[in-house]
K.L.:
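Let me begin by handing over the structure; questions about it come next.
To find a chain, count down the sequence lines: A is the first, B the second, and so on, and within it residues start at 1. Side chains are part of it too, since the values below use all heavy atoms of this structure and drop only hydrogens, waters and symmetry mates. Values in this document were obtained by computation on a predicted structure and should not be read as measured data.
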Amino acid sequence: MTPKVRVRFAPSPTGPLHMGGVRTAFFNYLFAKQHGGDFILRIEDTDSKRFVKGAEDYIMDALAWCGIRFDEGIREGGKYGPYRQSERKDIYLKYAMQLVENKHAYYAFDTPDELEEMRKRLEDEKSSVRQYNALTRGYMKNAYTLPESDVKARVEAGEAYVIRFAMPENEVVTMHDMIRGEISVNTNDLDDKVIFKSADGLPTYHLANIVDDHLMDISHVIRGEEWLPSLPLHVLLYRAFGWTDTMPEFAHLPLLLKPDGKGKLSKRDGDRLGFPVFPLAWTDPETGEKSSGYRESGYLPEAFVNMLALLGWSPGTEQEIFSTDELIQAFDMENISKAGAKFSADKAKWFNQQYLKVCEDGKLAEMFKPILLQNNIEINDDYLIKVIPHIKERIVLLTDFWEQAAFFFKTPVEYNQASLNKHWKADTTQTLLNLAERLNNIPENEFTAHHTEEVAKEFITQNNLGMGKVFNPLRLVLTGTGGGPHLFDIVELIGKSETILRIKQVRGL
RNA sequence: GGUCCAUUCGUCCAGGGGUUAGGACGCAAGAUUUUCAUUCUUGAAACGGGGGUUCGAUUCCCCCAUGGACUACCA
């Protein structure tokens, strides 16, 4: 019997979660749901120094906005809790001690300065070994070099210590990654990682991670490629604990890269290049520095995650638009690519546009209301819903709404200069006033797009005028801009009196 | 410096021992439209280099180059 699929997303609350993290969470979620498994949120806050206030809530809020739901976690609870490593503090020392006892780990007392000195010395010697391991630990202050009684005395006296994993010497470790296949590394190239530190009584990531994944019955670890180099350590840790038979499968996702230049996408890139890197806007509590978010920039969460899913994964077909449910069906670890993917802000916008085009009018109306309120427009639901079909194919981001549709809600106060120069001739004012008179004769209940257009066209033929010669300036006077939806749809929607009023404003031009 | 991972249009992906190497974004041109946007059509645009294996490699193998990640008492 294969064990139940249980995967986790394990962020560290050191700041807002960026889109790469969201993608990792999303792939975990898709994998879990596809296999009818559980998706767990575990907060890895074992670094007390880097804790950032608000980050944990941010992570949960951001994922909730994306539609990514956890089966177990801080807010959801669950029988494998607590889900915050700082609250599991008591667990880890015991496991660290277990390793010390069976000689897979040892005490070390080196100060930061001494460690720095060691690195410097090795570098000066041009040694290819620069790490604390079987080749170098014999020169350091630890349980290998100190008498056992001394070690015990130091620990009992409360001297600061760390527990290091005793990396075996010259052994080839072969691991399996679901995306990359077999990977081998010689332990001589690895180091005796610190797994526990007495200073705060907390484990480091490596220990906490393995212990918790084991205790929480995690079946698959799906994480970013930046973790690949520590996979051998993790595999060895499972072995040292005797947990190899229940060791999870590993999958290391390709990184999200900067659109320009090189390197992984970082929080600095977004606002530098004009796109958000975070799902939600964030203000750093320390520095007050603000970062923009996809939500605030006018993206739909469905579009955002759809875009993310296709960065580093492909369905093998040409389909690009997927609902989350379709993604759950289609997702496949085999089709994850191995190389990093450069993020494209243009493609992100395109996805959003596709979603906006098919979004229900009613839903859009709700999303546009706050924008209307911000612009001091009194909301008329019936009217708003009628306006939406005319603008939803014209916007890329929700935030484009006001720019594209303002004239539906208020009389233009200024006119696009380029369009004015192009279309405004000496006789235009009079022509439009004459047209207004004609339109004014149409009874209120016949003031439809179809009928007003007929009347206007008739007016043009009778006066021997060109369509463009009349319609372009009419559009300008009605909307203030050079573009927009079908002219007479605008006429019908804003209504007779407003149409006449706006035309009569031409006298001011 | 060391280790590991990667390499198909500018970008994201497909493909796979013999193909006109496919799609999408973006870009360009055209059609439609009173305008802008949409839509449609068309176009330019790629297998990093060198060795093998093979009748034949973009596809398999090796080397190189390039890129990336990691190399903390961070995660």
Side-chain angles (χ1 to χ4, degrees), chain A residues 10-14 44-47 49-50 108 110-112 115-116 119 122-123 126-132 160-164 177 179-180 183-186 188-191 193-200 202 204-206 208-209 223-232 252 254-255 257 259-260 262-264 307 310-320 335 337-351 353 357 391-396 404 419 422-423 453 456-457 460 466-476 479 481-488:
Chain A
S12 164
T14 53
E44 308 224 328
D45 54 351
T46 51
D47 184 356
K49 286 187 218 77
R50 293 207 310 160
D110 312 277
T111 64
L115 293 170
E116 184 52 37
R119 280 188 281 267
L122 263 13
E123 196 171 333
K126 301 235 186 298
S127 168
S128 64
V129 180
R130 297 212 180 151
Q131 52 272 66
Y132 200 124
Y161 67 87
V162 297
I163 296 176
R164 286 181 180 271
D177 177 274
I179 298 169
R180 286 149 224 278
I183 299 165
S184 303
V185 185
N186 188 301
N188 280 355
D189 297 317
L190 270 16
D191 60 353
K193 276 274 178 281
V194 170
I195 57 174
F196 189 90
K197 43 204 178 357
S198 69
D200 53 9
L202 253 20
T204 62
Y205 168 80
H206 303 288
N209 183 262
R223 76 235 289 199
E225 192 188 325
E226 69 269 30
W227 293 110
L228 200 48
S230 48
L231 180 57
H252 291 87
L255 263 17
L257 273 15
D260 69 334
K262 316 290 182 187
K264 64 176 170 178
M307 177 275 295
L310 266 68
L311 236 32
W313 172 81
S314 92
T317 66
E318 278 168 8
Q319 183 179 352
E320 293 200 275
N335 283 317
S337 48
K338 298 179 179 72
K342 280 185 190 161
F343 168 72
S344 160
D346 279 329
K347 193 72 184 250
K349 283 185 182 170
W350 178 82
F351 271 104
Q353 188 179 26
K357 263 163 55 177
I391 52 122
K392 70 176 187 182
E393 287 199 10
R394 320 179 64 84
I395 59 172
V396 173
Q404 291 293 324
S419 186
K422 190 172 170 194
H423 300 301
E453 182 168 1
K457 282 185 172 163
I460 287 166
M467 302 258 254
K469 202 163 182 290
V470 179
F471 290 161
N472 286 323
L474 177 59
R475 169 181 297 283
L476 183 63
T479 70
T481 71
H486 182 66
L487 187 51
F488 293 93

K.L.:
Within the structure shown, what part of the strands sits under 4.0 Å from A:Lys49 by heavy-atom distance: base, sugar-phosphate, or nothing?
P.N.:
sugar-phosphate
K.L.:
Just compare B:C13, B:A75, B:U34 and give me whichever is closest to any side-chain atom of A:Met467.
P.N.:
B:U34
K.L.:
On RNA chain B, compare the nucleotides closest to A:Asp200 and A:Leu190; which residue's is nearer the 5' end?
P.N.:
A:Leu190
K.L.:
Answer with base, sugar-phosphate or nothing: what part of the nucleic acid does A:Lys357 contact at a heavy-atom distance below 4.0 Å?
P.N.:
sugar-phosphate
K.L.:
What interatomic distance, in whole Å, is found between P of B:C47 and the corresponding atom of B:U34?
P.N.:
44 Å
K.L.:
Base, sugar-phosphate or nothing for A:Ile395? Non-hydrogen atoms, less than 4.0 Å.
P.N.:
nothing
K.L.:
Look at all strands and tell whether A:Trp313 reaches a base, only sugar-phosphate, or nothing, counting heavy atoms closer than 4.0 Å.
P.N.:
nothing
K.L.:
Can you identify which nucleotide, out of B:A69, B:U38, B:C4, has its nearest atom closest to the A:Ile183 side chain?
P.N.:
B:C4
K.L.:
Expressed as a whole number of Å, how far does the P atom of B:C60 sit from that of B:U7?
P.N.:
10 Å
K.L.:
Check the angle between the aromatic planes of A:Phe471 and A:Phe488 and answer parallel, tilted or perpendicular using the 30° and 60° thresholds.
P.N.:
perpendicular
K.L.:
So which heavy atom on A:Ala339 is nearest to which on A:Pro254, and how close?
P.N.:
O-CB, 3.2 Å
K.L.:
A:His206 NE2 to B:A75 P: how many Å, rounded?
P.N.:
7 Å
K.L.:
Considering heavy-atom distances to RNA chain B, does A:Asp191 or A:Ala10 have its closest nucleotide positioned more toward the 5' end?
P.N.:
A:Asp191
K.L.:
Indicate the atoms forming the closest heavy-atom contact of A:Ala10 with A:Glu44, along with that distance.
P.N.:
CB-OE2, 3.3 Å
K.L.:
What is the distance from CH2 of A:Trp227 to P of B:C74, rounded to the nearest Å?
P.N.:
12 Å
K.L.:
Nearest whole angstrom, please: distance from the P of B:A72 to the CD of A:Glu226.
P.N.:
16 Å
K.L.:
Nearest to the side chain of A:Arg164, heavy atoms from C-beta on, is which of B:U3, B:C73, B:A6?
P.N.:
B:C73
K.L.:
For A:Thr481, answer base if it contacts any base atom (sugar-phosphate contacts may also be present), sugar-phosphate if it contacts only those atoms, and nothing otherwise; contact means non-hydrogen atoms under 4.0 Å.
P.N.:
nothing
K.L.:
Quickly, which of A:Arg223, A:Lys338, A:Arg180 forms a side-chain hydrogen bond (donor to acceptor under 3.5 Å, both in side chains) with A:His252? Name it, please.
P.N.:
A:Arg223
K.L.:
Between A:Lys193 (NZ) and B:U71 (P), how many Å, whole number?
P.N.:
6 Å
K.L.:
Quote, to the nearest angstrom, the P distance that separates B:C5 from B:C62.
P.N.:
12 Å
K.L.:
Heavy atoms from C-beta onward define the side chain here; which of B:G68, B:C70, B:C73 lies closest to that of A:Glu225?
P.N.:
B:G68
K.L.:
So, for A:Lys392 and A:Lys357, which heavy atoms are closest and what is the spacing to 0.1 Å?
P.N.:
CE-O, 3.4 Å
K.L.:
How far does the P atom of B:A6 sit from the matching atom of B:A14, given to the nearest Å?
P.N.:
14 Å
K.L.:
Just so I know, are the side chains of A:Gln131 and A:Leu190 near enough to count as touching, which here means a heavy-atom distance under 4.5 Å?
P.N.:
no
K.L.:
Let's see if you can work this out: which of B:C4, B:A69, B:C74 has an atom nearest to the side-chain heavy atoms of A:Val185?
P.N.:
B:C4
K.L.:
Using side-chain heavy atoms (C-beta onward) and a distance below 4.5 Å, is A:Leu311 in contact with A:Lys347?
P.N.:
no
K.L.:
How far does the P atom of B:U19 sit from the matching atom of B:U38, given to the nearest Å?
P.N.:
38 Å
K.L.:
By the 4.0 Å heavy-atom rule, please label A:Lys264 as base, sugar-phosphate, or nothing.
P.N.:
sugar-phosphate
K.L.:
Could you state the interatomic distance from CG (A:Asp47) to OG1 (A:Thr14), rounded to the nearest 0.5 Å?
P.N.:
8.5 Å
K.L.:
How is A:Asp45 classified with respect to the nucleic acid when contacts are heavy atoms under 4.0 Å: base, sugar-phosphate, or nothing?
P.N.:
nothing
K.L.:
What is the minimum heavy-atom distance between A:Val194 and A:Thr204, and which atoms define it?
P.N.:
O-OG1, 2.7 Å
K.L.:
Would you give a per-nucleotide map of nucleotides 24-30 of chain B, 5' to 3', where B means the base has a protein non-hydrogen atom under 4.0 Å away, S means only the sugar-phosphate does, and - means neither?
P.N.:
BSS----
K.L.:
What is the distance, rounded to the nearest whole Å, between atom CD1 of A:Ile195 and atom P of B:C73?
P.N.:
13 Å
K.L.:
Rounding to an integer number of angstrom, what distance separates B:U3 and B:C13 when you compare their C1' atoms?
P.N.:
30 Å
K.L.:
Regarding A:Gly312, tell me which of base, sugar-phosphate or nothing describes its non-hydrogen contacts under 4.0 Å with the strands shown.
P.N.:
sugar-phosphate
K.L.:
Base, sugar-phosphate or nothing for A:Ser337? Non-hydrogen atoms, less than 4.0 Å.
P.N.:
sugar-phosphate
K.L.:
Which part of the nucleic acid, if any, lies within contact of A:Ser184, taking any heavy atom under 4.0 Å across all strands shown: a base, the sugar-phosphate backbone alone, or nothing?
P.N.:
sugar-phosphate
K.L.:
Is A:Arg180 touching bases, backbone alone, or none of the nucleic acid, heavy atoms closer than 4.0 Å?
P.N.:
sugar-phosphate
K.L.:
One thing to verify: whether A:Glu453 and A:Lys457 come together as a salt bridge, which I'm taking to mean a side-chain N less than 4.0 angstrom from a carboxylate O.
P.N.:
yes
K.L.:
What is the distance, to the nearest angstrom, from the CG atom on A:Leu228 to the C1' atom on B:A75?
P.N.:
16 Å
K.L.:
Would you kindly give the CG-to-P distance between A:Leu257 and B:U7, to the nearest whole Å?
P.N.:
13 Å
K.L.:
Which pair of non-hydrogen atoms, one from A:Ser198 and one from A:Tyr161, has the smallest distance, and what is that distance?
P.N.:
OG-N, 2.8 Å
K.L.:
Rounded to whole angstrom, note down the P distance from B:U53 over to B:G2.
P.N.:
31 Å
K.L.:
For RNA chain B, list all stems, counting runs of three or more consecutive pairs where every pair is Watson-Crick or G-U wobble with both distances under 3.5 Å.
P.N.:
B:1-7 with B:65-71, B:10-13 with B:22-25, B:27-31 with B:39-43, B:48-52 with B:60-64
K.L.:
Roughly how many Å is it from CD1 in A:Ile179 to P in B:U7, rounded to a whole number?
P.N.:
13 Å
K.L.:
Name the closest nucleotide to the A:Arg50 side chain, picking from B:A72, B:U34, B:C74.
P.N.:
B:C74
K.L.:
May I ask you to verify whether the side chain of A:His423 and the base of B:U35 hold a donor-acceptor pair under 3.5 Å?
P.N.:
no
K.L.:
Heavy atoms under 4.0 Å, any strand shown: does A:Val162 hit a base, just sugar-phosphate, or nothing?
P.N.:
base
K.L.:
Which heavy atom of A:Glu226 sits nearest a heavy atom of A:Leu255, and at what distance?
P.N.:
OE1-CD1, 3.2 Å
K.L.:
Under 4.0 Å, counting only non-hydrogen atoms across every strand here, what does A:Pro485 touch: a base, just sugar-phosphate, or nothing?
P.N.:
base
K.L.:
Under 4.0 Å, heavy atoms only, any strand: does A:Ser314 hit a base, just the sugar-phosphate, or nothing?
P.N.:
sugar-phosphate
K.L.:
Of the candidate nucleotides B:A75, B:G2, B:C73, which contains the atom at the shortest distance from the side chain of A:Leu115?
P.N.:
B:C73
K.L.:
A:Tyr205 vs A:Trp227 aromatic rings, parallel, tilted or perpendicular, using cut-offs 30° and 60°?
P.N.:
parallel
K.L.:
Respond yes when some side-chain nitrogen or oxygen of A:Lys197 is under 4.0 Å from OP1 or OP2 of B:A72, and no when none is.
P.N.:
no
K.L.:
Any N or O donor-acceptor pair linking the side chain of A:Arg130 to the base of B:U71 at under 3.5 Å?
P.N.:
no
K.L.:
Taking atom P in both B:C40 and B:G23, what distance in whole Å separates the two?
P.N.:
14 Å
K.L.:
Supply the atom-to-atom distance A:Asn472 CG to A:Lys469 NZ, rounded to the nearest 0.5 angstrom.
P.N.:
11.5 Å
